[in-house]
Amino acid sequence: MFVKKRKAQVTLFIIIGMVLLISVLIYFGIEGKLSYFDPEAIIAPDKTAVKNYVEACLRQTAQEAVTLVAFQGGYAKLTDRFEPHQGGNYQEFVGGGFKIPYWHSNGIDFTPTRELLGKNIALYIDSRLNACLQDLEPLRAVYDVNATKPPKSSVSIGRGRITVDLDYPVLLRTLKKRGDTLVNDYRTSVNSQIFEAYDLAKLIRDDYIENNRLYNFTMEIIAGSELPYKGYEFNCHDRTWSMTELEQEFNSLTNANLRFIKYVNTRNAEFETEYPACAEPGVCDYTRSEYYDKRYLLDVGADDKHKRFSVSITPFSTTRFEVFPNTGGFVKSLDIQLPVVGNLIDPCVNLFNHFYTVDYAVKYSITDEDGLRFNFILPVNVLYNDQKTTFSLYNPYFDDDILYYMNNTLSVTNYCQGAEHEVVVVVEDKVSGKGILNASLYYECISFRCAVGQTDYIRTRHGIVISRTTLLRGMFPECINGNLIVDAENYIPRNDIVLTPREQLDSLLVQLKPIVEVPVSFESVSYNAQGVASITDYLDEDSYIIVFVTNDDIPHSEASTFVPGQGMSLSDFKIRIPLNDSYENNITIDVKVIDEATSISTAGYYYKGTFDGRSLSIAENIELVLITQRPQPTTQDAMIDMYKDVVFEYSDRFRPKINY
C-alpha cells in the first residue's frame, strides 16, 4: 500500500514539471526569443573553482615565502632596512642574490620578533601572489572575474605548521554578467619547522650576547696559536711577520676552529672523528678531540624540538685586521740574547705584547631534515684585544662580486698605480703641535695596501725649507671607506682613519700621540715571610730587566729592556711611555727582573695609575721600586707565589716618582 502511494506522488511531480516546461517554451516561442536553452541565464557561478585556484597559488607562494624568509634570517625584503645609513655602516652580507642579515651589529639588535617573522612571510606572499595568479586569466574563459582589491595575507606561525589567511575579494559573474558571487574565503597551511629553527637561532644569539661567545673564542684562538700575543718565550730566533701573513693565518685559524662549534640537543651535537691516534706508523684509531668536546660543545637551552636541526658555522674572512705595534705593516718580536754563562749560551728572549683589532663575521645555518635552511650572521669586533663596544665609521661589508673581482682580477701594483685622487695630509704631534717629519702613510682597501709616501717640510722647488709644517701631497686610489694608516717613529700609529678621497676635502689633518722616552732608576725592597720590608742592594749592573708600559686609554704598549754587557750602564736605561693627548693617562707599568741562569723572574713591580701626560713628556727621570722576597724564588711555582703574595700585594704602596 505504501509503495503504490509513493509511485503515485512521483508521477504527479513529473506531470507538473512537464506542464511548466511546455508553458515556458510556448511563452518564449510566442515572443520569438527562443534560439537555444541557455542555463547560464538562470544558474549562478560556482565559486569552488576560484577558491581552489587561488588557494593552490597561495600554498605555492607560501612555501616559497617560508624558504626565502628562512634563508634570509627572518626577512623577506632587506633593501630598504639594510641600506648603508649615515656613517657608512652596513648591517647585511650580500651574496649570490640573497641577503643574509646581521642579527646584531654596531650595538643594534636586528633580530626579528615572532610577529615580524610572520609579517615578512606575509609581505613576500602579498608581493608575489599576483605572479602566480596571472591576474586570474585561466578563469576568464569560463567566468567574468574581477578582483576588487589587492591580496592581503595574514600568517599564523605554529610549531610545525604555517597557516595563511588571505583577504582577496573576487567578484564572480557569468560571461553575460549575471549571477554575482563574491569569493573571499581562502586559507592554506604549509608544513614547516621555521618557528623551531627561529627559536634555536634566538637561543644561539642570546648566548652570543650574554657570554661574549665569539669574542672569547677569538681571543682563545690567538692566545693558543703561534700568533704574536703577550708574554715572552726563550729561543734565539728573530720573529717577524707581515700583516698579510698574520691575517691569512688568523683567517685559517678561525675557519678551522669555529667550524667545530656544536650545540647540545641538535642533530649534529656529536663531534665527528677528526684526530688520528696512531699506535704505530700507518695504524690509527680515530678519536674525538677532548678540547673541542669540552670547549666547543655549547648548551644554549635547546630541547627535544631542536633535535631535528643541524647547525653549521662559517666564518668569513676579516674585513679589518691590525696588530699593534707594527712598523710599516710588519710585526716583530723584541729579541734579546743573554750573555754567555760558562760554556753555555742561555736561551734568547722574544718579547710579545701585541694588540689585535679585528672585524669579521660568522654565518650560522640551521637546517632541518626536509632541507629548510635558516641563516643569520653575527659579527666579531675586537678593538686592541678588547671587545669593541663603540664603533668607528670603518665597518664595510662588501658585495661578494666586488670582493671576487678585486681579489682575482687586480694586483696590488696596478690597483695602487691607478691612484688619481690627490689629498694633502698634514701630520703633527698632538701634544706639542709640532710637525712630524718622515711619517709614513699607507692606504688600505679590502686586501690591498698602497704606500703613499712620507711627510716632509714645506720647501721651495730648490729644496729650501720655508715652513716647519710637515705634509704629504699624496695620490689615493678609488675605494669606499678606505683605511688611511699613518706611522712615525716614537709615535703611536693611527689606523682608524676612514678616507674616501673623492668625498673628502682637499686636505686632512692627522695628529699622532707621542711615545716619550724617560730615564729610569730603581730601588729594591725585599719582604720576608712575615711581610716585613727592607731596602736591599739586590739590583746591580748584572740584572736583566724588562719593563712593559701600557696606556690603557688607547690602549698601546711598549717594551723596554736592559741587558748587561751591551755597552750600556743601568744609569742610561730609558723606558718608553705611550701618551694620549690629555693630562690624564691611565698607565700600567709592569717590571720583571729575570735571572739569566734559571730564566725565572726574581723581582717585579706592577702598578696602575693616572699620570699627567704632559709632565711625563718633559720628565728628566722616573723612579721605580722593584719588589722581591727573601728567599728569592728558584722555581716557576715559587715565582708565581711571589707575584701573587708579594709583588701584586705591595706594589700599590710605591707610586712611581717623577722628577723634573
- Item | Derivation and outcome, side chain to side chain contact (heavy atoms under 4.5 Å, CB included), residues F611 and I658 | CA-CA 10 Å; F611 295 81; I658 302 174; 3.9 Å; yes
When you measure from the side chain of [X] to the backbone N and O of [Y], does any donor-acceptor pair fall under 3.5 Å?
X    : Y    : value
D456 : L437 : no
T628 : T602 : yes
S507 : V424 : no
Y208 : P379 : yes

State, with a plain yes or no, whether a side-chain heavy atom of [X] is found less than 4.5 Å away from one of [Y].
X    : Y    : value
Y457 : S467 : no
I545 : V591 : yes
R205 : W103 : yes
K592 : V547 : no
V358 : V380 : no
N251 : E249 : no
S560 : F573 : yes
C450 : P477 : yes

- Charged tip of R655 within 45° of Y607 ring normal and under 6.0 Å: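 No, R655 and Y607 do not form such a contact.
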[atom1] of [X] to [atom2] of [Y]: how many Å apart, nearest 0.5 Å?
X    : Y    : atom1 : atom2 : value
I436 : Q511 : CD1   : CD    : 9.0 Å
E428 : T469 : CD    : OG1   : 8.0 Å
T319 : D359 : OG1   : CG    : 4.5 Å
I221 : L227 : CD1   : CG    : 9.5 Å
T318 : Y356 : OG1   : OH    : 12.0 Å
I458 : L471 : CD1   : CG    : 5.0 Å

- Query: Are the ring centres of Y544 and F562 closer than 6.0 Å?
  - Reply: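 Centroid separation for Y544 and F562: 6.0 Å or greater.
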- Message: Is the distance between the ring centroids of F321 and Y360 under 6.0 Å?
- Response: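 Ring centres of F321 and Y360 not closer than 6.0 Å.
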Please check if atom [atom1] in [X] has more than 12 non-hydrogen atoms from other residues, nucleotides or ligands closer than 6.0 Å.
X    : atom1 : value
R459 : CZ    : yes
E517 : CD    : yes
Y606 : OH    : no

- Judged by modelled atom types alone, do N381 and R320 share a side-chain donor-acceptor pair under 3.5 Å?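 No, R320 and N381 have no side-chain donor paired with an acceptor closer than 3.5 Å.
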- Message: What I want to check is whether the side chains of S534 and R630 have a donor and an acceptor closer together than 3.5 Å.
- Response: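 Yes, a side-chain donor-acceptor pair sits under 3.5 Å.
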Work out which heavy atom in [X] is nearest to a heavy atom in [Y]; give both atom names and the distance.
X    : Y    : value
Q629 : A638 : NE2-O, 4.3 Å
P315 : T254 : CG-O, 3.5 Å
A451 : Y442 : CA-CD2, 3.8 Å
L624 : P656 : CD2-CB, 3.7 Å
A533 : V525 : CB-CG1, 3.7 Å
P493 : D487 : CG-OD1, 3.6 Å

- Hey, mind stepping through S521 and E623 against side-chain hydrogen bond (donor to acceptor under 3.5 Å, both in side chains) and telling me if it holds? CA-CA 5 Å; S521 59; E623 296 180 13; 4.6 Å; no
- Message: Could you walk me through whether V518 and I577 satisfy the side chain to side chain contact (heavy atoms under 4.5 Å, CB included) test, starting with their C-alpha distance in whole Å, then the side-chain angles of each, then the deciding distance to 0.1 Å, before giving a yes or no?
- Response: CA-CA 8 Å; V518 181; I577 304 174; 4.1 Å; yes
What pairs of donor and acceptor atoms, side-chain ones from residues 641-650 against any protein atom, are under 3.5 angstrom apart with sequence neighbours left out?
residue: Y643; atom: OH; partner: S601; partner atom: OG; Å: 2.7
residue: Y643; atom: OH; partner: A603; partner atom: O; Å: 3.4

- Message: Run the side chain to side chain contact (heavy atoms under 4.5 Å, CB included) test on F217 and N257 for me, step by step, so that the C-alpha distance in whole Å, both residues' side-chain angles and the decisive distance to 0.1 Å come before the verdict.
- Response: CA-CA 9 Å; F217 280 145; N257 284 275; over 6 Å; no
- Query: Looking at residues at least two apart in the chain, or sitting in another chain, which of them share a ring pair (Phe, Tyr, Trp, His ring centres under 6.0 Å) with Y605?
  - Reply: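 Partners of Y605 by the ring pair (Phe, Tyr, Trp, His ring centres under 6.0 Å) criterion come out as none, since no residue qualifies.
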- Step by step, work out the ring pair (Phe, Tyr, Trp, His ring centres under 6.0 Å) result for F476 and Y443. CA-CA 7 Å; F476 292 84; Y443 190 63; 5.3 Å; yes
- Message: Against N586, only a single residue in T610, T550, N580, D552 fulfils side-chain hydrogen bond (donor to acceptor under 3.5 Å, both in side chains); can you say which?
- Response: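 Output: one option passes, namely T610.
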- side chain to side chain contact (heavy atoms under 4.5 Å, CB included) between L512 and V427, intermediate numbers included: CA-CA 7 Å; L512 298 184; V427 183; 4.0 Å; yes
- Task: Could you point out which residue of L579, V486, I515, D429 forms a side chain to side chain contact (heavy atoms under 4.5 Å, CB included) with Y491?
- Result: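 Going through L579, V486, I515, D429 one by one, the side chain to side chain contact (heavy atoms under 4.5 Å, CB included) with Y491 is satisfied by D429 alone.
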- Quick one: salt bridge (Lys or Arg N to Asp or Glu O under 4.0 Å) partners of D553, sequence neighbours excluded?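 Not a single residue meets the salt bridge (Lys or Arg N to Asp or Glu O under 4.0 Å) criterion with D553.
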- Query: Would D207 and R213 pass as an ion pair if we require N to O under 4.0 Å?
  - Reply: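 Counted as a salt bridge, because a side-chain N and a carboxylate O are separated by less than 4.0 Å.
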